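By convention here, the first residue in the shown sequence is residue 1. Remember, it's a predicted structure, so these values are computed and weren't measured experimentally. Counting starts at 1 for both ligands and their atoms, following the listed order.
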Amino acid sequence: MSDKIELIGLSKEELNEAFAAIGEKPFRAKQLWHWLYHQGATSFEQMSNLSKDLRAKLAEKFTITRPKIVAEQVSADKTHKWLLEFADGQRIETVYIPEEDRGTVCISTQVGCAVGCTFCHTGSQKITRNLTAGEIVSQFLVARDAYQEWPTPTDEIRYLSNIVVMGMGEPLHNMDNTFKALNILSDGDGVAISKRKITLSTSGIVPHIPDVADKVGCRLAISLHASNNETRSRIMPINKKYPLEDVLKACQEFQKRAAHSRYITFEYLLLDGLNDSLEAARELVNLMKSYKIDAKFNLIPFNPWPGCDYRPSSRNRAFAFSKELQKFGFAAPIRVARGQDILAACGQLKSKKEEKK
Ligand code: SAH
Ligand code: SF4
């Protein structure tokens with residue numbers, strides 16, 4: 001291992017300090033930030049407004065690293081998945097989901113996940129470690145490299161316009177690095193993805209939900225997946241520690257602090273005969289009304305993966321469920337699964353290359 005400092009993942013303040021430590025002025029740190037996150041530079045040679053001497057000095061002290069792309073797949077619907085490897089050999093997946101006039105990058109925050117939801121492929125893989133802020137940031141940079149969206153476009157029409165923290169891992173189990181990464185990615189002098197276009201999804205780590213408002217200010221999504229504690233505890237063991245009522249109270253607190261985010265998205269996986277009855281839909285309505293939460297539902301069709309034994313709800317049941325929620329004034333679209341054929345859809349990500357059957 002070299003003792004050089006990795007630049008990707010340093011906050012602006014840390015970059016300033018690192019430059020001060022080698023006797024360089026703050027405006028140089030500013031120029032460098034621009035090269036890294038506005039121009040997407042991956043080498044010091046590219047930095048044409050820095051003198052040759054300074055470039056050589058920087059190359060001696062610092063590195064700019066992209067993770068290694070181990071495998072890359074594009075699905076029939078153009079969803080793009082990367083299997084990325086970091087310096088220590090650990091691997092994660094990142095997904096890009098293009099839409100008509102925008103596109104979303106889905107990033108991971110941990111290798112594996114400790115929450116262990118029974119329906120989730122990632123959760124079936126034990127937690128290995130947290131990703132660093134730099135490793136989280138670099139996933140977005142890899143995607144932008146692939147679509148050559150450098151320098152950062154000045155308008156809002158971009159291939160890569162949104163970020164969802166919905167890949168592998170529970171972001172609020174790796175809160176500091178995740179928040180730091182999102183603050184780097186949303187910085188207006190660099191990658192500049194506005195916080196309104198970033199959504200962090202959590203299984204409901206109650207004590208840290210309000211922090212999402214205070215320390216980042218992005219949108220919040222909660223993986224709810226059940227309308228009562230009995231069902232939720234069955235499929236999400238975390239519910240025993242942080243039951244529904246506590247999750248919803250934390251959501252109230254989030255809404256109090258996040259004046260900018262109009263609603264919270266509740267993700268709801270439709271599992272056949274388990275959580276998809278009309279009674280469950282009504283239970284959800286009552287919960288949201290009694291906690292006065294400005295809620296929007298995302299109904300997610302269950303994506304099967306090798307070895308799981310849940311079944312997705314039928315189309316009819318899914319429609320009826322959605323209609324019931326709408327009847328009471330809640331938006332409740334049924335999501336179209338993307339990238340299923342390459343195991344890139346929600347809950348299908350893993351660290352290993354899928355073995356061909
Ligand atoms: N750990 C965080 C972030 C991952 S988000 C969280 O759970 O919120 C991934 C989303 O996909 C979550 O809503 C998760 O519950 C959902 N998911 C997990 N397994 C799935 C599956 N097999 N099919 C569809 N969605 C799934
Ligand atoms: Fe972890 Fe989220 Fe998967 Fe649950 S759904 S195991 S919290 S990644």
Exercise. Which of the listed options, Ala114, Gly204, Gly169, holds the heavy atom that is closest to atom 8 (S) of ligand 2?
Worked result: Gly169

Exercise. Around Lys197, counting heavy atoms of other residues, nucleotides and ligands shown, do more than 12 lie under 6.0 Å from its NZ?
Worked result: yes

Exercise. Could you go step by step and tell me if Lys61 and Glu24 meet the salt bridge (Lys or Arg N to Asp or Glu O under 4.0 Å) rule?
Worked result: CA-CA 12 Å; Lys61 309 267 181 200; Glu24 289 297 332; over 6 Å; no

Exercise. Near atom 3 (Fe) of ligand 2, is there an N/O/S atom from Cys117 that is less than 2.8 Å away?
Worked result: no

Problem set entry | Atoms in ligand 2 flagged as close to Gly116, the criterion being non-hydrogen separation under 4.0 Å | 6 (S)

Problem set entry | Parallel, tilted or perpendicular: rings of His121 and Trp305 (30°, 60°) | parallel

Exercise. Which protein heavy atom lies closest to atom 10 (C) of ligand 1, and at what distance to 0.1 Å?
Worked result: Glu267 OE2, 3.9 Å

For this session: Decide whether the shortest distance between a heavy atom of Pro301 and an atom of ligand 1 is less than 4.0 Å.
Result: yes

Problem set entry | Evaluation steps, ring pair (Phe, Tyr, Trp, His ring centres under 6.0 Å), between Phe297 and Phe330 | CA-CA 7 Å; Phe297 292 95; Phe330 292 97; 5.7 Å; yes

For this session: Run the numbers for me: atoms of ligand 1, each under 4.0 Å from some heavy atom of Phe302, listed by number.
Result: 21 (C), 22 (N), 23 (N)

For this session: Look at the aromatic rings of Tyr147 and Tyr159 and report parallel, tilted or perpendicular, splitting at 30° and 60°.
Result: tilted

Problem set entry | Check: Ser75/Asp77 side-chain N/O donor and acceptor closer than 3.5 Å | yes

For this session: Report the part of Ile222 in contact with ligand 1, treating N, CA, C, O as backbone and CB onward as side chain, heavy atoms under 4.0 Å; options are side chain, backbone, both, neither.
Result: neither

Problem set entry | atom 24 (C) of ligand 1 - nearest protein heavy atom and its distance | Leu269 CD1, 3.1 Å

Exercise. Nearest protein heavy atom to atom 4 (Fe) of ligand 2: under 4.0 Å?
Worked result: yes

Problem set entry | Carboxylate-amine/guanidinium proximity below 4.0 Å for Glu60 and Lys57 | no

Problem set entry | Salt-bridge contact Glu14-Lys180 (side-chain N to carboxylate O under 4.0 Å) | yes

Exercise. Where is the tightest heavy-atom contact between Lys4 and Phe62, given as atom of each residue plus distance?
Worked result: CD-O, 3.9 Å

Exercise. Cation over ring, Arg219 on Tyr263, under 6.0 Å and within 45°?
Worked result: yes

Exercise. Which protein non-hydrogen atom lies closest to atom 2 (C) of ligand 1, naming both residue and atom, and how far is it?
Worked result: Ser201 O, 3.4 Å

Exercise. Is it the case that more than 12 heavy atoms not belonging to Arg129 sit under 6.0 Å from its CZ atom?
Worked result: yes

Exercise. Is it the side chain, the backbone, both or neither of His225 that has a heavy atom closer than 4.0 Å to ligand 1?
Worked result: side chain

Problem set entry | Residue selection (non-hydrogen contact nearest atom 1 (N) of ligand 1) among Gly169, Ser223, Ser203 | Gly169

Problem set entry | For Cys113, atoms of ligand 2 separated by under 4.0 Å from a heavy atom | 1 (Fe), 6 (S), 7 (S), 8 (S)

Exercise. Which protein non-hydrogen atom lies closest to atom 9 (C) of ligand 1, naming both residue and atom, and how far is it?
Worked result: Met166 O, 3.5 Å

For this session: Of the side chain and backbone of Glu170, name the one, both, or neither that has a heavy atom under 4.0 Å from an atom of ligand 1.
Result: both

Exercise. Charged N to carboxylate O under 4.0 angstrom, Glu45 versus Arg55?
Worked result: no

Exercise. If you count the atoms of ligand 1 from 1 in the order shown, which ones are under 4.0 Å from a heavy atom of Thr202?
Worked result: 6 (C), 8 (O)

Seminar exercise, completed: For Trp305, the ligand 1 atoms with a heavy-atom partner under 4.0 Å come out as 22 (N)

Exercise. Can you tell me the protein heavy atom closest to atom 20 (C) of ligand 1 and the distance?
Worked result: Gly347 CA, 3.3 Å

Problem set entry | Distance-minimising heavy-atom pair for Asn229 and Leu244 | OD1-N, 3.0 Å

For this session: May I ask you to identify the nearest protein heavy atom to atom 11 (O) of ligand 1, giving residue, atom name and distance to one decimal place in Å?
Result: Cys346 CB, 3.4 Å

Exercise. Of Ile235, Asn303, Ile238, which has the heavy atom at the shortest distance from atom 22 (N) of ligand 1?
Worked result: Asn303

For this session: List every atom of ligand 1 that sits less than 4.0 Å from any heavy atom of Ile300, numbering the atoms from 1 in the order shown and giving each element.
Result: 24 (C), 25 (N)

Exercise. Would you call Gly167 a ligand 1 contact, heavy-atom distance under 4.0 Å?
Worked result: yes

Problem set entry | Part of Tyr310 within contact of ligand 1 (heavy atoms, under 4.0 Å) | neither

Problem set entry | Closest non-hydrogen atom pair, Leu343 against Glu93 | O-OE1, 4.4 Å

Exercise. Using 4.0 Å as the upper bound for N to carboxylate O, is an ion pair formed by Lys256 and Glu253?
Worked result: yes

Seminar exercise, completed: Ser203 heavy atoms within 4.0 Å reach ligand 2 at atoms 7 (S)

Exercise. Does ligand 2 have an atom under 4.0 Å from some heavy atom of Ser223?
Worked result: no

